[in-house]
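A quick write-up on the structure given underneath.
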Protein chains: 2
Amino acid sequence: MDTGARDSGNALLFLTDEQLRKGIEAMFFAYRGFTADPDRILADMAYGRAHHRAIHFINRSPGTTVNNLLAILGVTKQSLNRVLRALVEDGLVRSEVGQRDKRERHLFLTDAGEALERTLSDAQRDRMRAAYRAAGPDAVAGFRQVLEAMMDEESAARYAALKDLKG
Amino acid sequence: MDTGARDSGNALLFLTDEQLRKGIEAMFFAYRGFTADPDRILADMAYGRAHHRAIHFINRSPGTTVNNLLAILGVTKQSLNRVLRALVEDGLVRSEVGQRDKRERHLFLTDAGEALERTLSDAQRDRMRAAYRAAGPDAVAGFRQVLEAMMDEESAARYAALKDLKG
DNA sequence: CATAATACGTCAGCTTTGTTGACATTCCAA
DNA sequence: TTGGAATGTCAACAAAGCTGACGTATTATG
């Protein structure tokens with residue numbers, strides 16, 4: 001590992017149990033804020049966070065297959081299927097039989113699906129943007145660094161797989 | 001608000017939707033990592049994340065009342081009660097009738113409770129410490145800044161209330 | 001061509017963790 | 001002494017995860 005931190009003097013005070021506990025608690029409460037706005041919107045419909053996640057990643061990678069989505073989300077197909085079925089029935093997601101491989105179903109958002117996606121994303125992005133703006137670019141860089149270092153192996157792999165697609 | 005970021009040139013590139021989306025996805029996957037280790041430990045027992053949270057905050061503020069815990073966790077008393085009952089029955093939490101106000105129950109971890117708390121905290125702290133060490137103190141400062149700016153009002157109030165107790 | 005593997009869907013049942021609503025008990029305080 | 005606050009309990013329910021089993025196309029492989 002490329003250690004940027006030199007162990008000079010009390011430079012390691014940020015690694016005390018006290019500081020770590022604060023970080024843990026901040027992470028807990030921040031995640032609440034992170035999901036609060038979409039949660040509020042979804043509560044009015046018959047949807048939850050699972051639907052939001054599905055919609056987010058279908059929007060991010062239109063035409064993705066069920067198996068792809070399964071791998072990214074890390075849930076069982078039964079769990080995802082329940083969510084997808086509702087979204088398809090409600091006309092938010094379109095499921096297309098694959099051309100090369102007819103076993104596969106490619107998933108797309110319908111116009112209504114895209115509209116909901118935008119509503120949810122806007123709410124979540126607005127909070128994120130406000131936090132970013134308040135903290136400044138250097139803080140944001142650190143934020144991202146720590147987050148990426150905090151992922152477990154599986155999550156990191158999923159996050160990395162996303163990068164190949166777009167960003 | 002004290003804005004550290006100057007709007008000079010392309011200094012706002014960190015506020016693009018693209019960057020925000022990356023932050024959102026990083027937050028999602030990082031939270032998985034954040035809970036992965038305790039989750040693994042708890043899965044072997046009949047416990048879940050809710051038990052972990054209760055144990056964490058009882059450990060942090062020994063003698064706290066049920067109502068206090070309710071306010072911090074932001075769940076219903078019925079939901080918390082189920083969790084607390086299990087922990088008390090299993091001898092991990094001790095519930096003491098208040099002296100000044102006998103309606104209140106003050107919560108403490110037993111030795112067994114403290115042992116489990118240490119096991120869970122160690123797992124979570126280890127990952128956090130590794131992430132902190134890899135990212136360095138400046139990144140950690142930014143991480144904390146963004147997290148605190150991301151909390152919704154309620155979560156921020158709960159987080160702030162904790163500070164009054166210890167740190 | 002026969003068989004195995006893959007992708008997907010579905011049924012049934014279980015768990016955790018949250019929710020409401022109703023109601024009893026205890027006890028402080030006006 | 002009576003009203004209200006704090007606590008606890010019962011019942012019923014929902015969201016979203018899980019396992020296991022099974023069915024059905026479709027593709028890949030021996």
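Each chain gets a letter, A, B and so on, in the order its sequence line appears, and its residues count up from 1.
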Quiz item: Does C:dT16 have OP1 or OP2 sitting under 4.0 Å from an N or O in the side chain of B:H51?
Solution: no

Self-check item: d(NE2, A:H106; P, C:dA7) in whole Å
Solution: 12 Å

Quiz prompt | Closest nucleotide among D:dA16, D:dG8, C:dC8 to the A:R105 side chain | solution = C:dC8

Quiz item: Donor-acceptor pair, A:D90 side chain versus A:L92 backbone, under 3.5 Å?
Solution: no

Quiz item: Quick one: is D:dC18 close enough that its OP1 or OP2 comes under 4.0 Å of any side-chain N or O from A:T76?
Solution: yes

Quiz item: Same cluster or not: are B:V88 and B:V75 linked, directly or through other Ile, Leu, Val, Met, Phe, Trp or Tyr residues, by side-chain heavy atoms under 4.5 angstrom apart?
Solution: yes

Self-check item: Protein-nucleotide distance (B:D39, atom CG; C:dT17, atom C1'), rounded to Å
Solution: 13 Å

Practice problem: Look at B:R49 and C:dT15 and indicate whether a side-chain polar atom (N or O) is within less than 4.0 Å of OP1 or OP2. | Solution: no

Quiz item: How close or far is atom P of D:dA15 from atom CE of A:M45, stated in whole angstroms?
Solution: 14 Å

Self-check item: Options C:dA7, C:dT17, D:dA16, nucleotide nearest the side-chain atoms of A:R103
Solution: C:dA7

Quiz item: When we call it a touch if two heavy atoms are under 4.0 Å apart, what does A:G74 touch: a base, just sugar-phosphate, or nothing?
Solution: sugar-phosphate

Quiz item: Does B:V66 or A:V97 map to a spot on DNA chain D nearer the 5' end, using the closest nucleotide for each?
Solution: B:V66

Quiz item: Side-chain N or O of B:N81 less than 4.0 angstrom from OP1 or OP2 on D:dT7?
Solution: no

Quiz item: Among the nucleotides D:dC10, C:dG9, C:dT10, which one has an atom lying closest to any side-chain atom of B:R85?
Solution: D:dC10

Quiz item: Nearest-Å distance, CG (A:D44) to P (D:dA15)?
Solution: 14 Å

Quiz item: Is the side chain of B:T110 donor-acceptor paired with the backbone N or O of B:G91 at a distance under 3.5 Å, no angle test?
Solution: yes

Quiz item: Distance only, no hydrogens: is a donor on one side chain within 3.5 Å (strictly under) of an acceptor on the other, for B:Q99 and B:H106?
Solution: no

Practice problem: Hey, which sits more toward the 5' end of DNA chain D by its nearest nucleotide, A:V75 or B:R82? | Solution: B:R82

Practice problem: Tell me which nucleotide among D:dC18, D:dA6, D:dT26 gets nearest to the side chain of A:K102. | Solution: D:dT26

Quiz item: Are any of A:N67's side-chain N or O atoms less than 4.0 Å away from OP1 or OP2 of C:dC8?
Solution: yes

Practice problem: Give the nucleotide from the list C:dT10, D:dG17, C:dT17 with an atom nearest to the side chain of B:A50. | Solution: C:dT17

Self-check item: Separation of D:dG8 P from B:D101 CG (nearest whole Å)
Solution: 12 Å

Quiz item: Which listed nucleotide (D:dT7, C:dC8, C:dT10) is nearest to the side chain of A:Q78?
Solution: C:dT10

Quiz item: How do B:K77 and B:V83 order along DNA chain C: which one's closest nucleotide is nearer the 5' end?
Solution: B:V83

Quiz prompt | Integer-rounded Å distance: C:dG18 C1' and B:L84 CG | solution = 15 Å

Quiz item: Would you call B:K22 and B:E18 a salt bridge, using N to O less than 4.0 angstrom?
Solution: no

